[in-house]
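See below for the structure under consideration.
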Amino acid sequence: MIEQDTVRLLRECDSGAQMGLDAICGILDRVKSNSMKGLLNESQKHHERISNEIRHELDRFKDEGKNPSPVASVMSWMKTHAELAANESDQTIADLMTDGCNMGVKSLSRYLNQYRAADEKSKDIAKRLIRMEEMLAVHLRPYL
């Protein structure tokens with residue numbers, strides 16, 4: 001049970017980290033503020049590091065991980081582009097990114113509770129990813 005929950009939690013972390021990376025990469029070139037761009041670049045680096053750590057852990061279990069849901073990815077892309085078409089501003093980007101962070105925190109917290117038998121290392125990764133998303137949302141508040 002421990003190994004099964006560990007792999008499942010790591011898969012969800014893998015998907016969540018990738019979704020965050022995709023979101024950042026998808027809007028970074030549209031950010032006008034240098035300080036906000038710096039914040040998002042730093043967050044991108046953090047997401048890449050934790051994503052690599054997740055992949056390393058999944059490799060231990062000979063698991064390929066989990067890509068974000070294609071439906072969720074398309075819906076996110078559509079919402080982002082529709083909102084930016086209506087109002088392309090750093091405020092809109094901060095709002096979209098904050099919503100994404102909140103959704104990430106919510107879903108990762110749910111998986112952390114669901115896969116209670118996961119090993120401590122994978123739980124720690126999930127908690128750090130949750131904190132990353134929470135902190136990004138906090139740091140984006142001045143741009144809202």
Please name the pair of heavy atoms, one in [X] and one in [Y], separated by the smallest distance, quoted to 0.1 Å.
{"X": "Ala118", "Y": "Leu9", "result": "CB-CD2, 3.9 Å"}
{"X": "Arg55", "Y": "Glu64", "result": "NH1-O, 3.1 Å"}
{"X": "Lys37", "Y": "Leu28", "result": "CE-O, 3.7 Å"}
{"X": "Glu12", "Y": "Leu108", "result": "O-CD2, 3.9 Å"}
{"X": "Gln44", "Y": "Cys25", "result": "NE2-SG, 3.3 Å"}
{"X": "Ser15", "Y": "Pro68", "result": "OG-CA, 3.2 Å"}

Distance-only polar pair, side chains of [X] and [Y], donor-acceptor under 3.5 Å:
{"X": "Ser89", "Y": "Thr92", "value": "yes"}
{"X": "Thr98", "Y": "Tyr143", "value": "no"}
{"X": "His46", "Y": "Glu133", "value": "no"}

Exercise. For residues Leu140 and Met36, determine if any side-chain heavy atom of one lies less than 4.5 Å from a side-chain heavy atom of the other.
Key: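 Answer yes - side chains close enough.
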
Exercise. With the side chain counted from C-beta on, respond yes when Asn113 and Arg110 share a heavy-atom pair under 4.5 Å apart, and no when they do not.
Key: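 No - every pair of side-chain heavy atoms lies 4.5 Å or more apart.
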
Is there a donor-acceptor pair under 3.5 Å between the side chain of [X] and the backbone N or O of [Y]?
{"X": "His56", "Y": "Asn52", "value": "no"}
{"X": "Asp95", "Y": "Gln91", "value": "no"}
{"X": "Ser51", "Y": "Ala17", "value": "no"}
{"X": "Asn87", "Y": "Glu83", "value": "no"}
{"X": "Asp14", "Y": "Lys66", "value": "yes"}

Nearest 0.5 Å, what's the [atom1]-[atom2] distance between [X] and [Y]?
{"X": "Glu88", "Y": "Ile93", "atom1": "CD", "atom2": "CD1", "result": "6.5 Å"}
{"X": "Leu84", "Y": "Arg30", "atom1": "CG", "atom2": "CZ", "result": "4.5 Å"}
{"X": "Met135", "Y": "His139", "atom1": "CE", "atom2": "NE2", "result": "4.5 Å"}
{"X": "Ser43", "Y": "Glu48", "atom1": "OG", "atom2": "CD", "result": "10.0 Å"}
{"X": "Ser122", "Y": "Lys127", "atom1": "OG", "atom2": "NZ", "result": "10.0 Å"}
{"X": "Arg11", "Y": "Asn67", "atom1": "CZ", "atom2": "CG", "result": "12.0 Å"}

Are [Y] and [X] connected into the same hydrophobic cluster when the rule is that any two of I, L, V, M, F, W, Y join if their side-chain heavy atoms are below 4.5 Å apart?
{"X": "Leu112", "Y": "Met19", "result": "no"}
{"X": "Tyr115", "Y": "Phe61", "result": "yes"}
{"X": "Ile50", "Y": "Val105", "result": "yes"}
{"X": "Leu96", "Y": "Leu136", "result": "yes"}
{"X": "Met103", "Y": "Ile130", "result": "no"}

Self-check item: Enclosure of Glu134 CD (heavy-atom neighbours >12, cutoff 6.0 Å)
Solution: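 Yes, CD of Glu134 has more than 12 neighbouring heavy atoms, counting only those of other groups under 6.0 Å.
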
Quiz item: Can you tell me if NZ on Lys32 sees more than 12 non-hydrogen neighbours from other groups inside 6.0 Å?
Solution: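 For Lys32, atom NZ is crowded (more than 12 foreign heavy atoms under 6.0 Å).
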
Quiz item: Is it true that Lys123 and Glu120 make a salt bridge, defined as a side-chain N closer than 4.0 Å to a carboxylate O?
Solution: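 The answer is yes: the pair qualifies as a salt bridge.
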
Quiz item: Should Arg116 and Asp5 count as an ion pair when the cut-off is N to O under 4.0 Å?
Solution: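 The answer is no: the pair does not qualify as a salt bridge.
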
Quiz item: side chain to side chain contact (heavy atoms under 4.5 Å, CB included) between Met97 and Leu40: does it pass, once the steps are laid out?
Solution: CA-CA 10 Å; Met97 291 301 297; Leu40 292 171; 4.2 Å; yes

Practice problem: Could you go through the side chain to side chain contact (heavy atoms under 4.5 Å, CB included) check for Asp63 and Leu10 one step at a time? | Solution: CA-CA 10 Å; Asp63 192 274; Leu10 288 169; over 6 Å; no

Quiz prompt | Any residue meeting salt bridge (Lys or Arg N to Asp or Glu O under 4.0 Å) with Glu57, in chain and number order, not counting sequence neighbours | solution =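 Per chain and number, Glu57 pairs via salt bridge (Lys or Arg N to Asp or Glu O under 4.0 Å) with Arg60, Lys121.
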
